[in-house]
Amino acid sequence: MMDRKHLNEVPFVSVENMMRLALATGIEQCLIELTGYIEEDFRRWPLFDKTPRVASHSKEGVIELMPTSDGIDYGFKYVNGHPKNMREGLQTVTAFGLLASVDTGYPVLLTEMTVLTALRTAATSAMATRYLARPNPRTLCLIGNGAQAEFQALALKAVCGITHLRLYDIDRTASEKCRRNLADSGLAITLCSSPEEAIEGADVVTTCTADKNYATILTDNMIGAGLHINAIGGDCPGKTELHRDVLLRSEIFVEYPPQTRIEGDIQQLDDDHPVRELWQVVAGEAPGRGSETEITLFDGVGFAIEDFSALRWLRGKIESGSGYCERLDMIADPDEPRDLYGMVLREAGRMAEA
Ligand code: NAD
């Protein structure tokens with residue numbers, strides 16, 4: 001019989017513990033480690049269960065469930081996307097997630113994933129940039145300077161060697177917040193008054209804006225030869241960031257086509273428009289950038305396998321004794337498995353005695 005000890009006590013990582021763990025590890029170190037975990041899972045992509053995420057759309061946003069499994073572990077994330085939240089003092093994106101054992105079906109980790117999503121999204125952009133941008137990119141143009149922004153900048157610094165950051169947001173206070181938060185990062189930061197100014201001299205552009213709209217943050221005239229674009233804010237039907245002409249000029253790389261064709265910027269293109277899957281590039285099964293002048297676009301919407309990688313990473317941290325978790329009494333554990341009702345009755349007895 002298996003050792004049942006502690007199976008009912010599920011490790012739980014709160015927002016506070018996630019922040020402490022990230023700070024104790026070092027944010028850039030977390031981003032480097034997460035990039036490694038995501039890369040590892042992209043290399044074994046075919047063995048995962050894959051499905052477009054289950055999305056419940058409303059006028060103001062979306063609530064999504066993102067499940068996957070590698071046959072040993074099963075993971076899912078609950079995540080929302082509500083651009084109007086920010087104006088009400090709430091997060092646009094919040095999340096929590098769970099990892100479970102396929103063998104028993106028992107959860108092995110429950111965690112906040114708002115901070116973890118920002119880390120894994122940035123790590124995914126960094127991985128895409130490492131595979132697709134021209135060698136030694138130095139300048140990142142970051143358009144949309146909200147909750148995800150600093151993580152994106154630090155991931156490209158830590159993983160790709162970015163040294164210069166050019167910021168633009170329709171709300172200048174967001175860019176100022178970003179500059180303030182990154183003041184000690186070692187990045188040379190320039191605040192810009194327009195997207196056109198921000199993109200000048202950039203090797204990489206990351207768009208991470210939030211607007212439930214067919215937006216055109218980048219238009220064709222802004223895009224110079226050889227640029228790499230991470231477009232991560234267009235991640236929902238009716239929510240895009242790039243003008244269609246930019247898509248038509250770019251080599252497009254995506255996570256999981258059945259999901260990205262619904263949610264990504266490529267929702268603007270015909271269903272048979274050619275795209276390459278990023279995992280194939282990572283696994284050496286498809287070419288990445290073809291030339292110095294090619295424009296490469298990572299149309300990132302966020303896929304369940306990236307969250308699975310993040311959960312694996314976090315479990316490793318917890319198991320290595322970091323201590324940044326609590327134990328939740330989450331799984332009923334009667335002494336005799338079939339005596340669930342008896343367990344409830346015995347509790348009634350204890351309550352009466354108390
Ligand atoms: P946020 O609301 O905190 O920040 C968004 C920022 O975009 C705001 O500062 C806003 O002023 C700015 N903005 C809006 N329209 C703009 C425009 N036209 N030009 C310039 N700036 C503009 O949101 P966040 O949490 O930082 O998320 C950003 C986006 O990334 C969201 O759309 C979110 O859904 C998406 N996201 C994607 C992934 C992924 O895996 N691809 C993961 C997390 C979040």
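Scope of the values below: all heavy atoms of this structure, side chains included, with no hydrogens, waters or symmetry mates. Whatever order the structure lists ligands and atoms in, that order sets their numbers, starting from 1. All of these numbers come straight from a predicted model, not from anything done at the bench.
Under a 4.0 Å N-O distance rule, the pair R261/D271 does not qualify as a salt bridge.
Using modelled atom types, one finds no donor on one side chain facing an acceptor on the other under 3.5 Å when comparing D211 with T209. A donor-acceptor contact closer than 3.5 angstrom links the side chains of D41 and S309. For the residue pair N230 and T207, no side-chain donor N or O sits within less than 3.5 Å of a side-chain acceptor on the partner.
Checked against T117 for a side-chain hydrogen bond (donor to acceptor under 3.5 Å, both in side chains), the options E112, Q148, K77 give a single hit: K77.
Of all non-hydrogen atoms in A24 and Y324, the two that sit nearest each other are CB-OH, 3.5 Å.
Closer than 4.0 angstrom to ligand 1 sit non-hydrogen atoms from M86, T92, V93, R120, T121, I143, G144, G146, A147, Q148, Y168, D169, I170, D171, A174, C208, T209, A210, I217, I232, G233, D235, K239, G300, V301, G302.
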